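Counting begins at 1 with the first residue of the sequence. As the structure is a prediction and not an experimental result, all values here were calculated from the model. Start at 1 and go down the list; that is how both ligands and their atoms are numbered.
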Amino acid sequence: MKTATMILDRDYAIGTIDKRIYGSFIEHLGRAVYGGIYEPEHPTADRNGFRRDVIDMVKKLGVPVVRYPGGNFVSGFNWEDSVGPRADRPKRLDLAWFTTETNEVGLHEFADWCKQVDSEVMYAINLGTRDPDAARNAVEYANHKGGSYYSDLRVKNGAKEPFDIKLWCLGNEMDGPWQICRKTAYEYGRAASESAKVMKWVDPSIEVVACGSSGRDVSTYGSWEYTMLDECYENIDYVSLHTYYGNRDNDTPAFLARSLQMEQFIREVVSICDAVGAKKRNKKKLGLSFDEWNVWYHSNEQDQGILKADRWGRALPLLEDIYNFEDALLVGSMLITLLRNADRVKIACMAQLVNVIAPIMTRNGGGVWAQTIYWPLFQASKYGRGTALKPVVQSPLYDCKDIEAVPTLDATATLADDGSVTIFAVNRDMKDDLTLSVDLRAFGDLRVAEHSVLHHDDMKAVNTEASPDTVKPAAGSLGTMDGGKLTITLPSLSWNVVRLIKA
Ligand code: AHR
């Protein structure tokens, strides 16, 4: 059996975990909204048409913030279309996904839904076809108490109290050629800066996220961040990062190592932010908003066929990746990566939440179930609160395609306010279990309250409506404590959550 070690100390901390790193994302795309969270004909629908079974599942998952309404969709979206009497709202051609947007669900409905799932709205404004004027009007509509044109319009539309949206995205992936009205880095930096400025003049309490590159592999990566930040650094609070991974070559060791690239991505963007800050002699440190991350590749070919057959359709089953067990392992490692960078990553959104590359799936008129990737997010959000610790880890290594010296053990730990410690760990080894020894002497008397293991013998196992529990966490071995040292077995290919409480 292979062995690994971990040393933890309460004084060796990365920083306070911002609960918003467990956020998610709902775009007007596919069946995320229509047929996902909203289905008025469904037996569980509430008086607003929202599925109560989905509300319960999202609430249980624990996503403190939900980015909305896009994504690529937002770059052609007029927020005004989505407010006022439903019967008067226009149907629009959505050029991001070549479908028809009916605007049946809009800002008021979504803000209400967020309250029901105990989430905060992270609202994206359109910097594709629109400009700072539309952005500042949206802030006035959503957040101003009343006595002005747009705030009074909100009141007239049924919301006396402001929505008080604190987090705003300044567009989406504005570097991408697929974006409706993409911009150069300079053009975007100027638009983001002026938008942020006037939005904050309307409501100084808001925070704004500027678009970083749409991915680490695009040719303008790095120079995009530097140029746009040079224009907008003073007026923004966060820079976005997006990444999706896939296992197209069916090379699991390489696939599971992709979180190392995510880590590198974070470090690089932090460096660029700090370089621009240093050049400007600006003491402000920007945070990172990893507002799109996930596995995404299973549905790509299918989507092309769907759009060919039904261009301009409504609520088409697009981006409906069915996640398997190995996907959940990488998602676990991506969550560990976010925790390891908790000092700079303050917001993160698993993309997306329901049906569209999502942890939660629904059938129209039918059930709702958790995909494999639901479980690591659920457990990290539930137990990964408080302080992110900085463990010293020693692990066996392996080499794989593109990446050398990949630690077999990917692990980190958190310290909650009540003094309990939680270890999150992925054993990437394809064959061998791993004996992990953890030095916890700095925490006094602890005992293992729970060891939860996500494992399946078939890496391609999935959950379905008929078999929703095929891949779900089960009780692990618990391990043994001796003189403040824990020894525990992490099965080969497994996601582990080990909770230690005061003895
Ligand atoms: O999440 C799906 C899409 O991926 C989003 O609309 C876009 O921002 C990204 O390219």
Any side-chain heavy-atom pair of Tyr238 and Glu207 under 4.5 Å: yes

Residue Lys19 excluded, over 12 heavy atoms near NZ under 6.0 Å: no

Candidates Arg314, Lys91, Arg86 - the one meeting salt bridge (Lys or Arg N to Asp or Glu O under 4.0 Å) with Glu104: Arg314

Under 3.5 Å: donor-acceptor pair, side chain of Tyr22, backbone of Gly384: yes

Per-ligand residue contacts, ligand 1, heavy-atom threshold under 4.0 Å: Phe25, Glu27, Gly71, Asn72, Trp97, Asn172, Glu173, Tyr244, Glu292, Trp296, Leu319, Gln352, Ile357

Result of checking Thr102, Asp81, Thr100, Asn103 against Arg92 for side chain to side chain donor-acceptor pair (under 3.5 Å): Asp81

Neighbour count >12 (heavy atoms, 6.0 Å) for atom NZ, Lys115: no

